[in-house]
Amino acid sequence: MEIPLLDLKKQYLSIKNELDVAVKKVIESQYFILSPEVENLEKELALYCGVSHAAGVASGTDALILALRALGVGKGDVVITTPFTFFATSEAISILGAKPLFVDIEQATYNIDPDKLEEVIKRSDPSKRNAYKAIIPVHLYGQCANMERIMGIAKRYNLRVVEDCAQAIGAEYNGKKAGSFGETGCFSFFPSKNLNAFGDGGMVVSNGIDIVKRIKKLRVHGSQELYIHEEIGYNSRLDSLQAAIVRVKLKHLDGWLERRREIASKYNKAFSKIGIKIPEVGKGNKHTYHQYTIAIDERDEFVEYMADKKISVRVYYPVPLHLQPCYKDLNYSIGSFPVAEHASEKVVSLPVYPELTDEQVAYIIDSVKDFLK
Ligand SMILES: Cc1ncc(COP(=O)(O)O)c(C=O)c1O
């Protein structure tokens with residue numbers, strides 16, 4: 001049996017009619033950029049996340065860049081984040097001329113460790129602390145970071161919070177949705193994400209009307225009035241076709257997330273006593289299993305073994321950000337963040353997409369168990 005890491009064709013076929021109608025409607029309208037489709041998706045996603053405003057942008061990366069910029073982050077500033085995430089998180093900081101300051105993760109959840117976060121801020125030179133502008137907690141693999149602690153720390157040290165929700169649409173922490181805690185929540189509609197487009201796309205959600213207004217200006221070349229440019233901006237618009245597609249998929253999202261949880265619970269049951277680390281759900285969290293990530297000592301042999309079984313698995317992420325070649329000048333080294341480094345050597349994600357059949361899930365379970373025999 002061959003099992004890919006993700007099967008987008010299956011997802012498409014399951015809602016083909018709705019998607020085809022939505023795409024055709026946009027084509028017939030010939031309204032491709034920032035149309036009512038985009039405005040409607042902004043309203044629907046804000047409502048879904050429990051916030052009042054949203055702005056569609058061209059990607060999840062741009063969502064982070066525009067959100068940071070709208071909050072005033074720029075050259076010489078410091079933004080605190082995790083070293084164990086996709087590169088776009090810190091890239092957004094660096095691209096604005098700010099400096100990422102990494103803080104190690106919790107071993108249990110792989111999210112930023114609030115104790116270490118507070119320690120790093122406390123230990124910092126008070127004369128340099130006013131450069132510290134924001135924290136980007138990343139809700140990795142589909143579960144929220146400890147937002148109660150992070151928001152408390154942000155308040156104490158007057159830091160803005162930009163949530164990186166690229167992997168966590170629909171995740172909840174203490175009953176509130178990812179993206180509704182900080183000044184902004186940033187989403188990606190990249191095709192592999194739980195809510196995805198037929199290409200790139202992103203969204204910033206916020207309760208701050210002024211932040212969203214600024215993002216809406218930045219995404220169209222810093223302009224509010226045609227051909228008048230108040231500031232240097234970007235071309236970072238969400239297009240109508242992608243918005244129409246995401247609107248259709250949003251209606252199915254909660255059902256898809258439920259199926260992901262169902263598959264994860266089958267995996268949890270099967271793997272709880274066989275010597276691997278299964279995903280730990282943090283207190284107050286409702287996980288969405290964007291990834292079902294295990295940690296296993298013989299990780300590299302396991303990846304090869306699963307390839308022989310024709311099951312696609314993937315390591316997210318094999319090199320933590322502080323060890324990336326482009327960040328040499330930040331002067332981190334091996335040993336700077338032992339928990340993130342250990343995770344990058346041990347983790348591997350299994351297929352967990354909602355379209356997996358029970359038969360496929362059973363085959364994956366049997367294969368993992370066979371490897372550990
Ligand atoms: C944690 C995280 N942040 C940011 C991004 C960037 O999103 P995009 O690929 O839409 O630019 C991604 C996904 O690719 C991600 O996983």
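For ligands, and for the atoms within them, numbers begin at 1 and follow the listed sequence. Residue numbers count from 1 along this sequence. Since the structure is predicted, the reported quantities are computational estimates derived from the model, not experimental observations.
Between G60 and ligand 1, a contact under 3.5 Å exists for at least one N or O pair. At under 3.5 Å, not a single nitrogen or oxygen of T85, backbone or side chain, sits near a nitrogen or oxygen of ligand 1.
Taking each of G201, A58, G199, S188 in turn, the one with a heavy atom nearest to atom 10 (O) of ligand 1 proves to be S188. Which of I65, D200, D164, L140 comes nearest to atom 4 (C) of ligand 1 through a heavy atom is settled by distance: it is D164. In the candidate list C165, S90, A63, A166, A166 is nearest to atom 5 (C) of ligand 1, counting heavy atoms.
Neither the backbone nor the side chain of D62 comes within contact range of ligand 1; no heavy atom lies under 4.0 Å.
Looking at H290, R260, K266 one by one, the single match for side-chain contact (heavy atoms from CB on, under 4.5 Å) with V352 turns out to be R260.
The shortest side-chain heavy-atom distance between Q242 and F198 falls under the 4.5 Å cut-off.
Y332 and F337 have tilted rings, their planes meeting at an angle from 30° to 60° on a 0 to 90° scale.
Side chains of Y292 and N268: a donor on one and an acceptor on the other come within 3.5 Å. The closest side-chain donor-acceptor pair between Q167 and Q291, if any, does not fall under 3.5 angstrom.
Taking atom 14 (O) of ligand 1 as the reference point, the nearest protein heavy-atom neighbour is K193 NZ, 3.1 Å. In this structure, the protein non-hydrogen atom closest to atom 16 (O) of ligand 1 is Q167 NE2, 2.9 Å.
Residues R214 and E183 are not paired through a salt bridge, judged by the lack of any N-O separation under 4.0 Å between the basic side chain and the carboxylate. Looking at E262 and R259, a side-chain N of the basic residue comes within less than 4.0 Å of a carboxylate O on the acidic one, giving a salt bridge.
Of all the atoms in ligand 1, the ones that sit under 4.0 Å from a non-hydrogen atom of V138 are 1 (C). Which parts of ligand 1 touch T89 is read off a 4.0 Å heavy-atom cut-off, strictly below it: atoms 3 (N). Near T61, the atoms of ligand 1 lying under 4.0 angstrom from a non-hydrogen atom of the residue are 6 (C), 7 (O), 8 (P), 11 (O). For ligand 1, the atoms closer than 4.0 angstrom to any heavy atom of A88 are 4 (C), 5 (C), 6 (C).
Stacking of K177 on the aromatic ring of Y48 is recorded, both the 6.0 Å distance cut-off and the 45° axial limit being met.
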